[in-house]
2 protein chains.
Amino acid sequence: MPRAGLTPQVVVDLALAVVDEGGTSGWANLGLSAVAQRAGVAVPSLYKHVDGLPALRSAVAARCVDDLAAVMTAAVTGPAADPTLDPVAAAGKGPNATLTGAAAVRALAIAIRAYALAHPGRYRAVQGAETAALGPASSGPVDLVARAVRELGLPPDRWVDQVRTVRAAVHGFVELELGGGFGLPEDVEASFRYLVETVVTGLR
Amino acid sequence: MPRAGLTPQVVVDLALAVVDEGGTSGWANLGLSAVAQRAGVAVPSLYKHVDGLPALRSAVAARCVDDLAAVMTAAVTGPAADPTLDPVAAAGKGPNATLTGAAAVRALAIAIRAYALAHPGRYRAVQGAETAALGPASSGPVDLVARAVRELGLPPDRWVDQVRTVRAAVHGFVELELGGGFGLPEDVEASFRYLVETVVTGLR
DNA sequence: CTAGAAAGCTAATGCCATTAGCCACCGGTG
DNA sequence: CACCGGTGGCTAATGGCATTAGCTTTCTAG
């Protein structure tokens, strides 16, 4: 029997593939048996590389958080940061243009939704991630939004409210869209642009 | 062995109790074994009243949708409709006052969040519910929001966008709050009021 | 070349949903 | 009052899942 050459890294990669294949429910359905099957290995063998299902799910979620953060970063700093990342997120702006203020908020909102539509399972994984006690100046998705909102030049005593509002609006829209919550045939793209403008222009 | 006196009704009631006890994860953890235990019955006995776990979950979700719709209706039409319903939802307005326009949108938003905080498991169940092909003039949560938004007197060609925006903002906020997504100590109540005002005044 | 760690395996356990088939209760009818 | 059938409960068995224990095989370092 040849060895499969697994490592913790590879196992998480395979799990990500399972999540991606599962579509919207890929995250919910992520289990050891699917990963083992994809690895061509018996289920207990995975325990040589991973500390059980909860630990694997945490690792996958953490990777997805980094993944989303990278896409969001690329959306505001220009694709130059890493051209292999999702090009959709960076669409509509020149290379190396670092966006600020309202433009950055719009770009981040669009990037988040694009990521969620391209990788629904991963987006759900991001939501299931532990709020991993990051420092106040981390580069996670929340901080990227916070930085962009701060650049809007609005009253600082409302920054927290503003960040929460932007996060809630974008997340809620994406969640409803992924869950099939928009039954009517009307253009969902247009509705999203409308939501973003409503929030960006409504903040004060 | 005395009989337990179960009916489909009673089984769903017990399942709701399981969901409520489970807090935020009550919906995710709803299973037949927990229901059977609570009923004082062996698991297979439940199959005499319910067509398997998916069917039970559907029935529970449907009840939660009606439940939420009732609370929302009470929030805009006054508690007179059914005084036994969650009094929090109707707080801040006189009896029998039917709200319209911006006041109705605010009241609905507050009612939805209050319901979600009081019954996190049930709120999650509502989101997991099938979009049960209702008629266009049904009295579900979505239609209640749609009616209130229409009364704002804004351009009708944007009604769909407006309804989606309101739903997304409120749902996203509640989802983040339930998921522990708001790490900072700042007042969440104030942030929610801020969000509602941002949306209500930002729509056009 | 060899020894030991690392990576795979099978077997066994326990929890869950589901199906099949058995028995006891309870309400109506003779 | 007896009895009889349907219905609601039960136990047993199956299959999927994660997990643990213990064995074997395969690389690789010395």
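Chain A is the first sequence line, chain B the second, and so forth, proteins listed ahead of strands; every chain is numbered from 1.
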Distance, rounded to the nearest Å, where Leu46(B) contributes CG and dT7(D) contributes C1': 15 Å
dA7(C) OP1/OP2 closer than 4.0 Å to side-chain N/O of Ser45(A): no
Touch class at under 4.0 angstrom, heavy-atom based, for Val41(B) against every strand present: sugar-phosphate
Closest listed nucleotide, where the reference is the side chain of Ala42(A) and the choices are dG8(C), dC9(C), dG9(D): dC9(C)
Tyr47(B) OH to dT11(D) C1', straight-line distance once rounded to whole Å: 15 Å
Phosphate contact (dA6(C) OP1 or OP2) by His49(A) side-chain N/O below 4.0 Å: no
For atom NZ of Lys48(B) and atom C1' of dC10(D), their distance in whole Å: 9 Å
Distance below 4.0 Å between Ser33(A) side-chain N/O and dA18(D) OP1 or OP2: yes
His119(A)-Tyr123(A) aromatic ring centre distance below 6.0 Å: no
Atom-pair distance (CG on Asn29(A); P on dC17(D)), nearest Å: 10 Å
Arg113(A) to Phe173(A) six-membered ring, cation-pi geometry met (6.0 Å, 45°): no
Asp161(A) CG to Glu197(B) CD distance, which is reported to the nearest 0.5 Å: 12.0 Å
Leu53(A) CG to dC17(D) C1', straight-line distance once rounded to whole Å: 10 Å
Over-ring placement of Arg164(B) relative to Trp159(B), 6.0 Å and 45° cut-offs: no
Integer-rounded Å distance: dA18(D) P and Arg57(A) CZ: 10 Å
Atom pair distance, as rounded to whole Å: CG in Leu32(A) and C1' in dC17(D): 9 Å
